[in-house]
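Values below: all heavy atoms of this structure, side chains included; hydrogens, waters and symmetry mates excluded. Counting convention: from 1, in listed order, for ligands and their atoms alike.
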Amino acid sequence: MSGVLVVLEHRGGAYNRMSWEALAAGQQIAAASGQPLSAVILGSDLESLSGELANKKLDKAYRVEHVLLKDYTADGYVLALEQFIKKLDPIFVVFPHTYQVRDFAPRLAARFGQVLLPDMVGLRKDGDSFVFVRQLFQGKLNADYRHAGSGPCFLSVQAGAFRAESLEAGSTSVEAFAPQLDTGAIRSKQEAPFREAAQTVDLSSAPIIVSVGRGIKEQANLPIVEELAQALGGELAASRPICDNGWLPMERQVGSSGQTVSPKLYLAVGISGAIQHLVGMKGSKTVVAINKDENAPIFEVADYGIVGDLFEIVPALTEAVKKAKGA
Ligand SMILES: Cc1cc2nc3c(=O)[nH]c(=O)nc-3n(C[C@H](O)[C@H](O)[C@H](O)COP(=O)(O)OP(=O)(O)OC[C@H]3O[C@@H](n4cnc5c(N)ncnc54)[C@H](O)[C@@H]3O)c2cc1C
């Protein structure tokens, strides 16, 4: 056994950002262990996606291609990856922690007599082995995990835990692997993916998010923050009470029971910073918090804090942004 294998995910001809974050995690594991790094994509007709993969710092890249992998199915992915992993024989298999991965990766790991270590937020080297960190009880506790046993170590990486920007560029060739699949083995049929249902918002790929909390007081005041989001060219998000009240749809909720986001800029407006909210946005690159309570926990994770009344600050900020953009 040798090497670190990262399984990348794509849809509609594009990689998702979490795949690059998983690759960043893979690069860290490879660098710390001195093991070669490879990445794999699955599907049919993977020419243009292969080109993008060839530009990353990898020892080797692979495309597992078959007409029966055109649409995602758990059966197809498990069978194809099982054959490929047996051939490659890696020590680590790293996935982004997406809905699709949650669907098939535990079964794939079980084929090797292993479990999937899901939603990893950090890792460190300890002697010859690795310690992987994942959160418990809605982020209140960090738990350390070590892989035991002789098979590959399967793990998935939480959105925002590793930075796609830290990915190193390089040049590699992409080798094709043709799995043995037949139609009888694929028992399910692909339907429209959950994330792509009409009107859903994918906050996880938004570069700028303006998030609003109970400090906004009532639904009628929401246009104040909507205007700021619009001026910044960002998405509007919210803490749970705002969505529970039905002031904004559930798909805009950030936190342990909402979406996990990692934008370049996260602006928290009138949000106290409860742990269940923080676990969903702590991967943001820059956090700006506006809160009238200087002791609000959100300031502990904020890069920039503005202590004051949002009803004064937000409209002034919107005006300043519009002016700066010449709008
Ligand atoms: C199982 C479970 C899951 C949960 N999941 C989530 C989740 O996914 N996402 C989530 O967000 N929460 C979640 N919660 C709820 C969480 O515990 C908090 O209750 C929630 O995040 C608080 O939302 P908030 O910060 O908007 O409201 P509050 O805690 O009420 O904070 C409002 C803030 O606004 C400030 N403020 C008030 N007026 C102004 C003003 N005029 N100007 C500026 N600041 C002002 C206040 O100082 C205060 O800090 C969950 C809870 C549980 C138990």
Side-chain angles (χ1 to χ4, degrees), residues 18 97-99 102 118-119 121 134-143 158-161 194-195 200-206 208-229 231-232 234-263 265-284 287-321:
M18 283 170 71
H97 192 69
T98 61
Y99 289 106
R102 282 176 235 192
D119 226 7
V121 297
R134 64 183 300 260
Q135 297 186 317
L136 301 177
F137 301 113
Q138 273 136 17
K140 287 197 175 69
L141 288 179
N142 274 358
Q158 188 176 97
F194 170 70
R195 284 273 177 201
T200 57
V201 185
D202 185 9
L203 291 177
S204 65
S205 57
I208 298 176
I209 292 178
V210 176
S211 198
V212 58
R214 200 144 45 183
I216 197 73
K217 308 266 191 290
E218 53 183 297
Q219 188 173 17
N221 295 330
L222 280 179
I224 298 171
V225 276
E226 267 163 359
E227 255 194 72
L228 177 58
L232 286 166
E235 283 285 352
L236 188 64
S239 65
R240 180 164 164 172
I242 302 299
C243 301
D244 279 353
N245 283 340
W247 297 355
L248 283 174
M250 295 302 290
E251 67 207 31
R252 295 204 180 259
Q253 181 181 317
V254 168
S256 60
S257 47
Q259 294 207 40
T260 301
V261 299
S262 53
L265 173 65
Y266 188 87
L267 225 150
V269 181
I271 291 177
S272 61
I275 185 70
Q276 294 88 359
H277 189 81
L278 298 186
V279 294
M281 45 67 74
K282 65 178 171 33
S284 307
V287 176
V288 178
I290 303 170
N291 198 304
K292 67 178 184 185
D293 173 9
E294 65 178 43
N295 294 315
I298 191 75
F299 288 129
E300 285 166 29
V301 298
D303 299 284
Y304 300 94
I306 304 168
V307 180
D309 186 347
L310 73 89
F311 295 100
E312 286 171 24
I313 294 158
V314 174
L317 200 55
T318 307
E319 276 317 303
V321 171

K.L.:
Roughly how far apart are Ile298 CD1 and Asn291 CG, rounded to 0.5 Å?
P.N.:
8.0 Å
K.L.:
Ligand 1 versus Ser272, non-hydrogen atoms closer than 4.0 Å: side chain, backbone, both, neither?
P.N.:
both
K.L.:
Rounded to the nearest 0.5 Å, what separation is found between the CG atom of Leu236 and the CD atom of Glu226?
P.N.:
5.5 Å
K.L.:
State the CD-CG distance between Gln253 and Leu248, to the nearest 0.5 angstrom.
P.N.:
10.5 Å
K.L.:
What atoms in ligand 1 come closer than 4.0 Å to a heavy atom of Gly308?
P.N.:
42 (N), 43 (C)
K.L.:
Which of the atoms in ligand 1, numbered in the order shown and given with their element, are less than 4.0 Å from a heavy-atom of Asp309?
P.N.:
40 (C), 41 (N), 42 (N)
K.L.:
Got an N/O contact under 3.5 Å between Ala274 and ligand 1?
P.N.:
no
K.L.:
For the residue pair Gly283 and Ser262, what are the closest heavy atoms and their distance?
P.N.:
O-CB, 3.6 Å
K.L.:
Go through ligand 1 atom by atom and flag the ones less than 4.0 Å from a non-hydrogen atom of Gly255.
P.N.:
7 (C), 8 (O), 9 (N)
K.L.:
Measure the spacing between CD of Gln259 and CE of Met250 and express it to the nearest 0.5 Å.
P.N.:
10.5 Å
K.L.:
In the structure I gave you, are the side-chain heavy atoms of Asn245 and Gln219 within less than 4.5 Å of one another anywhere?
P.N.:
no
K.L.:
Please identify each residue that fulfils side chain to side chain contact (heavy atoms under 4.5 Å, CB included) with Ile224, with sequence neighbours left out.
P.N.:
Asn221, Phe311, Val314, Pro315
K.L.:
Going by the order shown, which atoms of ligand 1 are within less than 4.0 Å of some heavy atom of Phe311?
P.N.:
41 (N)
K.L.:
Considering only heavy atoms of Ser257, which atoms of ligand 1 have at least one such atom less than 4.0 Å away?
P.N.:
3 (C), 4 (C), 5 (N), 6 (C), 7 (C), 8 (O)
K.L.:
Which of the atoms of ligand 1 are close to Gly258, meaning less than 4.0 Å from one of its heavy atoms?
P.N.:
8 (O)
K.L.:
Give the minimum heavy-atom separation between Gly270 and Leu310, together with the two atoms involved.
P.N.:
CA-CD2, 3.9 Å
K.L.:
Between Arg240 (side chain) and His277 (backbone), is there a donor-acceptor pair under 3.5 Å?
P.N.:
no
K.L.:
Pick one of side chain, backbone, both or neither for how Val269 approaches ligand 1, counting any non-hydrogen atom pair under 4.0 Å.
P.N.:
neither
K.L.:
Does the residue Ala238 have a heavy-atom contact with ligand 1, meaning some pair of atoms that are separated by less than 4.0 Å?
P.N.:
no
K.L.:
Looking at non-hydrogen atoms alone, which of Met281, His277, Glu294, Gln253 comes nearest to atom 7 (C) of ligand 1?
P.N.:
Gln253
K.L.:
Relative to atom 36 (N) of ligand 1, which among Gly215, Ala296, Gly213, Ser211 owns the nearest non-hydrogen atom?
P.N.:
Gly215
K.L.:
Less than 3.5 Å between some nitrogen or oxygen of Gly270 and one of ligand 1, yes or no?
P.N.:
yes
K.L.:
Working to the nearest 0.5 Å, report the span between OG of Ser284 and CD1 of Ile208.
P.N.:
12.0 Å
K.L.:
Suppose I only count heavy atoms of Val254 and a 4.0 Å limit; which atoms of ligand 1 are within that range?
P.N.:
7 (C), 8 (O), 9 (N), 10 (C), 11 (O)
K.L.:
Gly280 near ligand 1, heavy-atom distance under 4.0 Å?
P.N.:
no
K.L.:
Please identify which atoms of ligand 1 are closer than 4.0 Å to at least one heavy atom of Lys217.
P.N.:
37 (C), 38 (N), 39 (C), 41 (N)
